[in-house]
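Okay, structure first, notes after.
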Amino acid sequence: MDQDERLLHSSSFGAAAVAYAEHRPDYARAAVRWALAPAAGPRVLDLGAGTGKLTATLLALGADTVAVEPDPAMLAELRRSLPEVRALSGSAEAIPLPDGSVDAVLAGNALHWFDMAVAGPEIARVLVPGGILAGLWNVMNDEVDGPGGAGGVDGLDGADGAGEANGAGGSRGPDGAGGAEWAGGAGGAGGPGRAGGAEWVSGLARVGGSAAVGPRDTPAGWRAETADAHLPETGAAACFGSPERAEFPHGQRRTADSLVAALATRAGMLVMPEPERRATLDRIRSYLASRPETARGEFTLPMLTAVLRVRRL
């Protein structure tokens, strides 16, 4: 994706801010705890905060949170739903905070939109020495052979994941080592892990295409696409150390209609010409109606909250 296309996609969410707030999932608390575990203190910046999905989880965990979001409509929705949060207009490339003012910077489904050549040094500026930068992504779990089998995830939004430790292509940090007490340790009930996915999710990706289920929206795709996402494209790469990765079971209760509504808020769908968008959503509805797992009533969309964590040098 070139710079112009990335800007088009990243600026598309405001038109769907209300639907985004209603239908997008939160983040597994165990994943957020792991992201924050090495942080020296509770001051956290939620960067590219959107409508506050990650912000709400940070508040629930007791973090001293400030949110920064560039889109006025998304920011308005965040302020409406979380009036107690200090929420500022700004971007990853121009953060409206003083030097060394936060212990951690977290970005929920946003790090891939940042121009890291500019944002990397800017994030390093607002972090204390040794501070943490972590990107979190909710991905749909299509890995039916993972621990937990093919039955999906039993937990709902916000449930702590417990399971087998999984470095997912990067080095695992020492869980809980140096972790602040307020962050609740690194791994929740059982540390990072991976729960079983569902075969129908793979079919959904095929039917919906890359606009609905993009390159970072499944576990394998996330691992490939975000391998270097933390690195600025200039010599400023030295701002951060080596990455650590972990994945945590998550899930969201959906109906066929509400899953379609959630997929309609993806950037690729929002920038699509309207006739093509309608046709794609109709194709997804037909697919969900054809599957016994999703045809009637509520079901759990099996997910992982995947985390990439680096430390400011």
Side-chain angles (χ1 to χ4, degrees), residues 1-14 35-36 38-39 43-50 53-55 66-72 74-75 87-139 168-171 173 210 214-217 221-246 266-268 270-271 306-313:
M1 185 180 294
D2 63 26
Q3 185 71 18
D4 290 342
E5 190 177 5
R6 182 171 66 179
L7 180 60
L8 174 67
H9 281 70
S10 66
S11 61
S12 66
F13 297 107
L36 293 174
R43 299 172 303 169
V44 180
L45 166 60
D46 182 1
L47 187 56
K53 293 293 182 177
L54 178 57
T55 314
V66 58
V68 168
E69 166 58 35
D71 187 279
M74 300 287 272
L75 183 61
L88 306 175
S89 177
S91 68
E93 296 77 21
I95 301 171
L97 293 176
D99 296 1
S101 57
V102 294
D103 302 298
V105 174
L106 267 59
N109 277 81
L111 193 66
H112 53 278
W113 299 125
F114 299 169
D115 178 0
M116 288 304 291
V118 180
E122 182 70 348
I123 292 167
R125 179 186 67 79
V126 301
L127 279 169
V128 298
I132 296 301
L133 166 62
L136 296 90
W137 288 263
N138 281 320
V139 302
S171 59
S210 62
R216 287 168 300 274
D217 293 335
W222 173 80
R223 293 170 202 139
E225 288 287 322
T226 63
D228 296 321
H230 69 292
L231 292 176
E233 296 171 358
T234 70
C239 289
F240 299 102
S242 299
E244 300 169 283
R245 294 192 198 184
R266 301 295 179 103
L270 292 171
V271 302
V307 189
L308 177 70
R309 181 177 75 185
V310 293
R311 188 188 296 268
R312 182 194 184 281
L313 299 176

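Computed from a predicted model, the values in this text were never measured in an experiment.
- In this structure, the side chains of R266 and D217 come closer than 4.5 Å at one or more pairs of heavy atoms.
- Remark: the backbone N or O of L97 is paired with a side-chain donor or acceptor of R125 at under 3.5 angstrom.
- Once rounded to the nearest 0.5 Å, the distance linking NZ of K53 with CG of N109 reads 11.5 Å.
- Contact between E122 and I95 at its shortest, heavy atoms only, is OE2-N, 2.9 Å.
- Between R311 and I132 the shortest side-chain heavy-atom distance falls below 4.5 Å.
- Remark: of the listed residues I123, L54, V66, V126, I123 is the sole one forming a side-chain contact (heavy atoms from CB on, under 4.5 Å) with L47.
- Summarising the geometry of L111 relative to G135, their closest heavy-atom pair is CD2-CA, 4.2 Å, with the distance given to 0.1 Å.
- A side-chain donor-acceptor contact under 3.5 Å links R43 to the backbone of S101.
- The closest donor-acceptor contact from the side chain of E69 to the backbone of A87 lies at 3.5 Å or more, if one exists at all.
- Contact record, A110 with A107: CB-CB, 4.2 Å, taken as the closest heavy-atom pair.
- With D103 contributing its side chain and A39 its backbone, the two residues share no donor-acceptor pair below 3.5 Å.
- Using a 4.5 Å heavy-atom threshold, the side chains of R216 and H112 count as touching.
- R245 approaches L308 most closely through the heavy-atom pair CG-CD1, 3.8 Å.
- Taking all atoms of both residues into account, the shortest heavy-atom contact from V128 to G100 is CG1-O, 3.5 Å.
- A 4.5 Å side-chain heavy-atom check between R312 and C239 finds every atom pair outside the cut-off.
- Taking each heavy atom of A134 and V307 in turn, the nearest pair found is CB-CG1, 4.3 Å.
- Looking at heavy atoms from C-beta onward, D46 lies out of side-chain contact with V68 at the 4.5 angstrom threshold.
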